[in-house]
S.K.: 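Below: one structure in structure tokens.
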Amino acid sequence: MALENPLFEELMKDFDSRLTHSGIDGERVASRLYELSHIGYTQIGGVKRPGFSDEEKKAKSLVKKWMVEAGLDVTEDGAGNIRGRLAGKNLEAKAIASGSHVDSVPNGGNFDGPLGVLSALEIAEAWKATNYVPEKPYEVIVFSDEEGSRFNSGLSGSRAMIGAIDDKEIEGLRDYNGESLEQVLTHYGSSLQQFKEAKRDIEELELFVEVHIEQGKKLEKADQPVGIVSGIAGPAWLEVEFIGEAGHAGNTPMIGRRDPLVAAADFIQRIPEFPGKISETAVATVGKMEVLPNGINVIPEKVVLHVDIRDIYEETRDALLNRIIEEAEDIAKNRDIQLAIKQNTKIKPVPIEQELQAQLADSLKEFSIEPAYIPSGAGHDTMILGRHIPVAMLFVRSKDGISHNPKEWSSLNDCIYGIHVLKNFIEKKMGETITNSN
């Protein structure tokens with residue numbers, strides 16, 4: 001039954017009902033996006049569902065209900081990850097899995113995360129409607145705390161699933177209320193011990209594939225509803241300190257000044273020149289800066305910059321990292337400024353196998369979609385699993401490239417195209433040859 005509400009009506013307004021076929025129901029997807037949108041609803045139309053919050057738990061409970069209705073066997077681990085499993089014909093085979101998350105950033109949008117969860121779930125719904133039994137087991141997974149807005153350290157659920165959070169990190173985690181992970185888990189209904197026991201044998205999965213909004217404008221520019229993720233960038237974070245000599249802004253002559261802010265400005269200005277010279281998929285950003293002592297009439301003593309460097313290829317990412325370090329060293333030397341550099345984060349990129357990209361392209365073409373290949377600059381749970389098993393991702397077109405914002409929007413037509421492509425791809429990976437019935 002259709003639900004009367006602005007989001008539902010907006011989704012359905014231009015929906016092409018011919019996309020409802022093969023068991024996939026556009027109206028059902030729109031209704032479920034609506035229902036999730038009211039959990040943690042904010043006054044300006046966004047959602048606030050931090051990891052391990054009551055709101056995230058309520059959203060997961062709703063998805064669990066839908067999983068059961070779709071015929072899935074549902075379990076939840078100590079990290080709050082939800083798994084809905086459908087047994088295939090071959091009970092000994094490794095499972096193919098799909099999913100995403102339902103937590104959000106503060107005042108986030110309605111598609112980042114939920115679209116991937118509902119896409120994966122809609123596959124099970126379609127199979128139930130068409131009496132299709134997959135050759136291999138199939139899992140729908142909802143990961144906890146992907147966004148990291150609770151502890152400023154995301155991907156908690158997927159990292160717990162593969163055992164990639166150690167005791168030292170756990171001890172240092174404090175949320176925005178100053179509560180430890182143990183305290184948060186207790187309120188959630190789990191425990192620290194159960195969280196640590198969430199690790200599973202990830203080799204039980206043959207493949208994980210995620211549908212996600214693009215968070216960029218490449219599909220919009222290409223006028224295509226769905227695209228292929230070519231790789232997930234690994235971030236490297238540098239903390240760069242330029243240290244000079246403080247002085248009075250009025251009494252210190254310009255000649256001979258050792259101003260670290262001038263050096264920092266020179267450095268920031270040069271950053272955009274480097275990524276394109278090294279890799280067409282590389283990016284570098286100075287997103288945070290501290291000036292000390294930060295007085296209007298004081299020549300600064302120290303400036304601290306934070307540089308985010310990313311690429312989907314580790315070799316070129318590291319080449320860009322080294323080039324930026326060299327530039328900082330040259331500027332500091334030329335301006336007689338002391339320099340201190342600390343590397344705070346360095347995560348391996350996750351390339352998507354070429355064979356999987358080619359298979360996704362075949363599925364796109366069956367729906368007359370021209371394949372577009374897009375690197376993901378953002379991290380995803382797929383990135384965590386991709387260090388251990390084959391993974392793939394599909395992007396769905398985002399209006400104006402907006403994400404993490406109440407204005408985040410993907411049309412229902414584009415969302416359903418993404419689900420059809422996902423279904424086509426997964427069924428082929430199940431060992432079945434299918435024909436597009438559109």
Side-chain angles (χ1 to χ4, degrees), residues 63 67 72-77 79-88 93-102 112-124 127 134-146 154-164 198-213 226-234 312 347-360 363 376 378-396 418-419 421-431:
V63 174
M67 285 179 170
L72 303 179
D73 180 23
V74 182
T75 58
E76 181 172 354
D77 64 28
N81 298 312
I82 311 296
R83 293 163 56 191
R85 185 176 174 92
L86 180 66
K94 293 184 177 184
I96 293 176
S98 184
S100 195
H101 61 97
V102 294
D112 182 342
L115 177 59
V117 170
L118 296 182
S119 296
L121 180 56
E122 192 64 17
I123 305 306
W127 289 344
E135 187 68 25
K136 305 167 187 175
Y138 175 65
E139 290 189 14
V140 178
I141 305 178
V142 185
F143 294 103
S144 295
D145 188 37
E146 190 266 3
L155 307 164
S156 300
S158 52
R159 290 196 293 146
M161 183 177 284
I162 67 167
K199 184 179 184 297
R200 68 177 291 189
D201 181 3
I202 201 67
E203 295 297 327
E204 295 173 344
L205 300 181
E206 174 186 304
L207 170 71
F208 180 80
V209 54
E210 181 175 2
V211 173
H212 202 279
I213 61 169
V226 185
I228 299 165
V229 176
S230 56
I232 304 172
I312 61 173
I347 298 174
K348 283 183 175 291
V350 175
I352 307 298
E353 293 179 5
Q354 290 295 323
E355 182 180 355
L356 291 173
Q357 292 188 53
Q359 291 168 340
L360 286 171
S363 293
S376 175
H380 305 277
D381 293 306
T382 298
M383 177 178 69
I384 302 301
L385 272 60
R387 296 173 188 149
H388 303 272
I389 61 171
V391 294
M393 282 191 76
L394 290 166
F395 273 161
V396 171
I419 296 171
V421 172
L422 176 68
K423 178 175 178 287
N424 184 288
F425 172 72
I426 288 177
E427 288 179 347
K428 287 179 178 177
K429 297 303 291 183
M430 289 290 180

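All values reported here derive from a predicted model rather than from experimental measurement.
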S.K.: Out of curiosity, I426 CD1 to W127 CH2, how far, rounded to the nearest 0.5 Å?
M.R.: 5.5 Å
S.K.: Can you tell me how far CD1 of I123 sits from CG of L86, rounded to the nearest 0.5 angstrom?
M.R.: 12.0 Å
S.K.: On a heavy-atom basis, which atom in I352 and which in V391 lie closest, and how many Å separate them?
M.R.: CG2-O, 3.5 Å
S.K.: Would you compute the distance between atom CZ of F208 and atom NE2 of H380 and round it to the nearest 0.5 angstrom?
M.R.: 11.0 Å
S.K.: With a 4.5 Å heavy-atom cut-off, do L207 and F425 have their side chains touching?
M.R.: yes
S.K.: Would I82 and V74 count as a side-chain contact (heavy atoms from CB on, under 4.5 Å) here? Give the steps.
M.R.: CA-CA 7 Å; I82 311 296; V74 182; 3.9 Å; yes
S.K.: Looking at K94 and E204, does any basic side-chain N land under 4.0 Å from a carboxylate oxygen?
M.R.: no
S.K.: Checking E146 against S100 for the side-chain contact (heavy atoms from CB on, under 4.5 Å) test, could you report, in this order, the C-alpha distance in whole Å, the side-chain angles of both residues, the deciding distance, and whether it holds?
M.R.: CA-CA 8 Å; E146 190 266 3; S100 195; over 6 Å; no
S.K.: Are any side-chain N or O atoms of N81 and backbone N or O atoms of G157, one a donor and one an acceptor, separated by less than 3.5 Å?
M.R.: yes
S.K.: Check step by step if side-chain contact (heavy atoms from CB on, under 4.5 Å) holds for S98 and I141.
M.R.: CA-CA 6 Å; S98 184; I141 305 178; over 6 Å; no
S.K.: Minimum heavy-atom separation for L422 and V211, please, with both atom names.
M.R.: CD2-CG2, 3.9 Å
S.K.: Using a 4.5 Å cut-off on heavy atoms from C-beta on, say whether the side chain of M67 contacts that of V142.
M.R.: yes
S.K.: Answer with yes or no whether the side chains of H212 and D112 bring together a donor and an acceptor at under 3.5 Å.
M.R.: yes
S.K.: Please step through side-chain contact (heavy atoms from CB on, under 4.5 Å) for the pair F395 and I228, ending with a clear verdict.
M.R.: CA-CA 6 Å; F395 273 161; I228 299 165; over 6 Å; no
S.K.: To the nearest 0.5 Å, what is the distance between CG on L155 and OG on S144?
M.R.: 11.5 Å
S.K.: For A392 versus T382, what's the shortest heavy-atom pair and its separation?
M.R.: O-CG2, 4.2 Å
S.K.: Which pair of non-hydrogen atoms, one from N424 and one from S363, has the smallest distance, and what is that distance?
M.R.: OD1-OG, 2.7 Å
S.K.: Hey, does S230 have a side-chain heavy atom less than 4.5 Å from the side chain of Q357?
M.R.: yes
S.K.: Answer yes or no: does atom CD of E203 have more than 12 heavy-atom neighbours from other residues, nucleotides or ligands under 6.0 Å?
M.R.: yes
S.K.: Verify the distance criterion only: is there a donor paired with an acceptor across the side chains of K428 and Q359 at less than 3.5 Å?
M.R.: no
S.K.: Where is the tightest heavy-atom contact between G418 and L394, given as atom of each residue plus distance?
M.R.: O-CD1, 4.1 Å
S.K.: Could you give the distance from CE (M383) to NZ (K348), rounded to the nearest 0.5 Å?
M.R.: 13.0 Å
S.K.: Show the nearest heavy-atom pair for residues A233 and I312, with the distance to one decimal.
M.R.: N-CG2, 3.6 Å
S.K.: How far does OG of S156 sit from CG of D381, to the nearest 0.5 angstrom?
M.R.: 9.5 Å
S.K.: Please list, chain by chain and in numerical order, all residues satisfying salt bridge (charged side-chain N to carboxylate O under 4.0 Å, His left out) with E139, sequence neighbours excluded.
M.R.: R83, R85, R200
